[in-house]
There are 2 protein chains.
Amino acid sequence: MVCQKISFLCSLFIQKKIAFTFPMKIYNQPARNEWESICTRPTFSLKQIESQVQNVLNSIKEKGDTAIQKFTKDFDKIDLKNFKVSTEEIAEAENLVSDSLKKAINHAYQNILVFHQSQIETVKKIEITKGITCWRKSVGIEKVGLYIPGGTAPLFSTVLMLGIPAKIAGCKKIVLCSPPNKEGKIHPAILYAAHLVGATDIFKIGGIQAIGAMAYGTESVSKVYKIFGPGNQYVTVAKQLIQNEGIAIDMPAGPSEVAVLADKSCVPSFVAADLLSQAEHGKDSQVILMTDNEQTANQIKIEVEKQLESLPRKDFAQKSLENSRFVILKNRQEILDMSNFYAPEHLIIALENPEEAAEHIINAGSVFLGNYTPESVGDYASGTNHTLPTDGHARAYSGVSLDSFIKKITFQSLTKEGLNQIGQTVIEMAETEELKAHANAVRVRL
Amino acid sequence: MVCQKISFLCSLFIQKKIAFTFPMKIYNQPARNEWESICTRPTFSLKQIESQVQNVLNSIKEKGDTAIQKFTKDFDKIDLKNFKVSTEEIAEAENLVSDSLKKAINHAYQNILVFHQSQIETVKKIEITKGITCWRKSVGIEKVGLYIPGGTAPLFSTVLMLGIPAKIAGCKKIVLCSPPNKEGKIHPAILYAAHLVGATDIFKIGGIQAIGAMAYGTESVSKVYKIFGPGNQYVTVAKQLIQNEGIAIDMPAGPSEVAVLADKSCVPSFVAADLLSQAEHGKDSQVILMTDNEQTANQIKIEVEKQLESLPRKDFAQKSLENSRFVILKNRQEILDMSNFYAPEHLIIALENPEEAAEHIINAGSVFLGNYTPESVGDYASGTNHTLPTDGHARAYSGVSLDSFIKKITFQSLTKEGLNQIGQTVIEMAETEELKAHANAVRVRL
């Protein structure tokens with residue numbers, strides 16, 4: 001795999017004019033038939049952990065809380081008898097969160113609330129023809145599960161992104177699971193946010209155990225109908241397996257990524273900061289710059305190197321830049337074409353007249369327009385959701401929104417006149433499809 | 001399995017007052033803790049065919065059209081060299097469809113079009129706060145695949161249900177696959193409907209081959225991003241497997257089902273016709289009647305027996321009634337509660353004041369109100385979609401609609417003032433999540 005990559009890169013060095021050496025791969029005016037390989041994501045097969053994850057899930061299905069306790073001891077190194085976060089623990093967490101962080105969380109909460117509330121749809125009754133009325137009603141999914149990963153950094157922002165639309169949707173049971181640390185605690189900022197969004201049940205359960213507990217239900221955890229949230233490869237596989245059993249999930253998971261479209265109107269230091277902010281996510285995350293200007297690419301490169309020096313996680317970001325590409329394209333149209341071909345999770349448009357460019361975007365998760373809209377505003381507080389389709393899934397999937405927490409039920413109501421009007425059509429079609437009793441259900445009424 | 005069922009039924013006969021013997025199981029005022037077993041669907045494990053389906057998929061991925069040709073010969077018993085339906089074949093099909101069927105299809109087309117067009121959403125730009133604007137744009141999924149099963153009856157109605165929203169959504173490539181018969185043809189009504197909805201590529205490919213061809217692409221079939229449509233157990237498993245590889249699908253599949261809620265205001269002969277119309281779908285389909293009135297149940301039972309006699313597929317319908325239940329409940333509230341507990345694909349409300357009852361429905365695919373709205377109108381021509389969540393999936397999934405063929409891309413645009421307003425919040429949150437470069441992407445701009 002590594003060998004192939006090196007030889008591919010070498011062949012590019014030989015065939016093409018390459019402007020600079022750099023951890024990122026650089027492509028200058030590649031032909032269209034090279035786009036596929038340039039836009040390839042780092043891939044990981046998760047097949048090899050599937051049976052291990054399935055075994056843990058089976059055990060949870062069978063033994064409930066006893067299995068949760070065992071796996072929490074095995075994986076999180078803490079022996080918990082009670083997984084539920086108590087009211088006292090929530091009150092304690094509220095005291096531990098600084099006033100400045102509370103203020104920030106509340107500010108983000110407000111913006112996310114406003115945008116997701118704007119997604120509420122009212123019922124529109126449509127008179128198809130006289131006597132035939134059809135409509136759809138949005139109803140919150142009764143029971144949903146939110147998974148918030150643990151690790152060194154507490155992802156309380158994801159609590160807002162999943163919890164706020166769940167609350168607006170009117171989900172009655174909002175179960176939230178997050179792994180306990182070695183002291184058997186969840187980070188106070190997570191608990192503060194969980195309480196703020198109105199999570200109804202909060203559990204100290206992580207990884208496969210959390211997904212299994214919410215999918216099957218245990219003595220203490222309520223079974224839910226849909227599970228949301230990011231996680232490591234074990235969580236990803238667990239979500240896929242329970243989806244095969246009929247539990248809905250938010251979307252397929254993959255490493256985070258950003259594409260930045262930049263022309264000479266961009267501010268190179270801004271673009272460099274955006275590329276680095278994605279690169280710090282993890283060594284598997286991907287960063288692609290698409291530009292029509294070699295000089296702009298050079299300026300951004302110099303800025304990346306400069307800013308990289310002052311980053312506390314320099315080595316880490318440098319590593320992830322190896323998955324990343326600078327692509328110099330012919331013109332604005334080619335930039336937009338390649339962006340749609342790549343279908344990025346995050347898309348920053350640092351082009352002249354970004355609004356016009358945005359109109360041509362057909363595949364992307366979330367789009368950031370102009371020089372004052374860095375990706376990090378959407379990650380936290382602009383109002384949009386940060387749970388987005390990665391790995392090219394933006395071609396078919398939307399990011400999380402209010403829609404993800406509701407289902408739409410269709411209704412139809414016919415008068416006798418309406419049925420008269422449509423009856424012969426239904427009979428003709430049903431009989432051709434050899435469904436006589438379907439035709440009869442109309443005939444008996446006419 | 002059969003033994004268990006018989007003994008369960010016997011114990012009910014002993015414990016409870018049962019009104020009549022009948023192929024359907026009858027429950028009179030069951031306790032709440034019995035609801036789960038009453039509402040159980042017939043289950044089938046598809047695990048045993050998974051590796052067979054995976055092998056066929058792998059072969060298609062590797063060998064493309066050559067594999068399609070081989071499996072078409074093996075499974076459909078016809079050796080086709082060219083799978084694509086030609087313009088001549090479509091013209092020929094149009095001549096073969098009777099004028100009365102054309103008229104019916106066109107009538108249904110018009111109603112389905114009107115309802116699905118009403119689902120178009122316009123862009124709403126939301127000013128979250130001064131200088132921060134967020135919005136969502138709906139974009140059609142570029143390439144979609146529709147699967148239409150073969151068999152004795154041509155499911156041209158499903159062509160309308162999938163093709164019309166695909167066309168409204170603006171999907172650029174609409175691939176449609178349906179198995180060839182032994183003469184290497186697709187039923188003319190399917191071709192007529194496919195042409196009407198604007199399918200861009202029509203192929204004579206069935207079963208696993210069709211799903212594999214559309215998921216991976218072959219020399220003749222374009223790879224698509226989302227696959228829709230019903231099918232047998234092989235198609236169901238193939239769709240599940242390709243979903244695990246990141247291709248989106250419409251929803252999980254299961255046998256069709258209807259719940260009818262009826263009180264003394266219903267017309268027993270109408271209800272009986274509705275129950276039988278569902279029963280003719282297949283021997284695994286399920287029919288549940290929920291009523292608060294024993295006399296009504298008796299009247300419906302007599303009508304079912306009477307109408308069953310005159311059905312051409314009497315034995316078949318009788319067989320499927322064995323999966324089915326009559327439940328007599330305490331009152332209207334209990335009827336609504338059990339209906340929501342069951343989460344039916346189709347729900348017929350033959351209760352007094354059906355509009356009021358409809359307001360309490362929280363889990364259902366599509367709902368039919370009152371005495372003149374049989375399920376068959378929604379199956380064909382009222383305007384609503386007939387591709388609906390079965391097997392209790394209505395708890396988390398919606399039926400197919402325009403939404404299924406689009407994704408919503410979020411956009412945000414901040415002015416410098418907007419970024420100033422939100423900057424400190426983003427910095428505070430990013431730093432607490434230990435994402436320094438995220439904070440830096442804001443700082444560099446302030």
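Convention: sequence-line order gives letters A, B, ...; per-chain numbering from 1. Heavy-atom basis, side chains included; hydrogens, waters and symmetry copies ignored.
- Of the possible polar contacts, one joining the B/N111 side chain to the B/A381 backbone as a donor-acceptor pair under 3.5 Å is found.
- Proximity to chain A (any heavy atom under 4.5 Å) is shown, for B/Q119, by both the backbone and the side chain.
- Comparing A/T384, A/V377, A/L275, A/T129 by heavy-atom pairs within less than 4.5 Å of chain B, the highest count is held by A/T384.
- Residue B/L241: no heavy atom, backbone or side chain, is found under 4.5 Å from chain A.
- For B/S98, the part sitting under 4.5 Å from any heavy atom of chain A is the side chain, from C-beta outward, and nothing else.
- For chain A, the nearby part of B/K137 is the side chain; its heavy atoms alone come within less than 4.5 Å.
- The contact between B/K172 and chain A is made entirely by side chain atoms (from C-beta outward), counting heavy-atom distances below 4.5 Å.
- Proximity to chain A is limited to the side chain of B/E355, based on heavy atoms less than 4.5 angstrom apart.
- Inspection of the A/E303 and A/Q307 side chains reveals an N or O donor paired with an N or O acceptor under 3.5 Å.
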Run the numbers on A/H116 and A/S401 for side-chain hydrogen bond (donor to acceptor under 3.5 Å, both in side chains), then give the verdict.
CA-CA 7 Å; A/H116 287 76; A/S401 71; over 6 Å; no

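- Of the listed residues A/L155, A/N106, A/L311, A/N440, the one with more heavy-atom pairs under 4.5 angstrom with chain B than any other is A/L155.
- In terms of heavy-atom pairs under 4.5 Å with chain B, the best-connected choice from A/D274, A/L435, A/V442 is A/L435.
- The greatest number of non-hydrogen atom pairs below 4.5 Å with chain A, out of B/G370, B/A273, B/G140, B/S398, is found for B/S398.
- Interface residue B/I409: backbone and side-chain heavy atoms are both found under 4.5 Å from chain A.
- Using a distance-only test at 3.5 Å, with no hydrogens or angles considered, no donor-acceptor pair links the side chain of A/K416 to the main chain of B/Y372.
- Sorted by first then second residue, the ring pair (Phe, Tyr, Trp, His ring centres under 6.0 Å) pairs that include residues 400-428 of chain B, not counting sequence neighbours, are B/W135-B/F411, B/F228-B/F405.
- Counting heavy-atom pairs closer than 4.5 Å to chain A, the top residue among B/E375, B/E121, B/K143 is B/E121.
- B/R443 does not touch chain A: none of its heavy atoms, backbone or side chain, sits under 4.5 Å away.
- For B/I362, the parts sitting under 4.5 Å from any heavy atom of chain A are the backbone and the side chain alike.
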Mind running side chain to side chain contact (heavy atoms under 4.5 Å, CB included) on B/I227 and B/V144 for me, showing each step along the way?
CA-CA 6 Å; B/I227 296 177; B/V144 296; over 6 Å; no

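- With chain A as partner, the option from B/A358, B/G131, B/A108 having the largest number of non-hydrogen pairs under 4.5 angstrom is B/A358.
- Using a 4.5 Å cut-off between heavy atoms, B/V367 contacts chain A through both its backbone and its side chain.
- Remark: the backbone N or O of A/G254 is paired with a side-chain donor or acceptor of A/T390 at under 3.5 angstrom.
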Starting from the C-alpha separation in whole Å, work towards a yes-or-no answer on side chain to side chain contact (heavy atoms under 4.5 Å, CB included) for B/F156 and A/E433.
CA-CA 8 Å; B/F156 56 87; A/E433 290 194 354; 3.5 Å; yes

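- Per-residue heavy-atom pair counts under 4.5 Å with chain B were compared for A/I349, A/T373, A/T415, A/V139, and the maximum is reached by A/T373.
- With hydrogens and angles ignored, the 3.5 Å screen pairs no side-chain donor or acceptor of B/H346 with any backbone N or O of B/V258.
- Both the backbone and the side chain of B/N363 come within less than 4.5 Å of a heavy atom of chain A.
- Contacts with chain A were tallied for B/I141, B/I132, B/V114; B/I141 has the most, counting heavy-atom pairs under 4.5 Å.
- Side chains of B/S376 and A/H438: no donor on one and acceptor on the other come within 3.5 Å.
- Residue with the most contacts toward chain B among A/I361, A/V267, A/I406, A/T133: A/I361 (heavy-atom pairs, distance under 4.5 Å).
- Put simply, the side chain of A/E280 gets close to the backbone of B/K436: a donor and an acceptor are under 3.5 Å apart.
- Contact count versus chain A (heavy atoms, under 4.5 Å) is highest, among B/Q421, B/Q412, B/E434, B/M429, for B/Q412.
- With a 4.5 angstrom heavy-atom cutoff, B/L308 does not touch chain A via any of its atoms.
- With a 4.5 angstrom heavy-atom cutoff, B/S366 touches chain A via backbone and side-chain atoms both.
- Contacts with chain A were tallied for B/K103, B/K407, B/R445, B/E142; B/R445 has the most, counting heavy-atom pairs under 4.5 Å.
- Heavy-atom pairs under 4.5 Å with chain B were tallied for A/I422, A/L347, A/L276; the largest tally goes to A/I422.
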A/C134 and A/I128: side chain to side chain contact (heavy atoms under 4.5 Å, CB included), yes or no, with the steps?
CA-CA 7 Å; A/C134 299; A/I128 304 293; 3.7 Å; yes

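- The side-chain hydrogen bond (donor to acceptor under 3.5 Å, both in side chains) search around B/H393 returns none, not counting sequence neighbours.
- Between B/Y397 and A/Y225, the ring center distance fails the sub-6.0 Å criterion.
- The backbone N or O of A/N244 lies less than 3.5 Å from a partner atom in the side chain of B/Q240, making a donor-acceptor pair.
- Residue B/A279: no heavy atom, backbone or side chain, is found under 4.5 Å from chain A.
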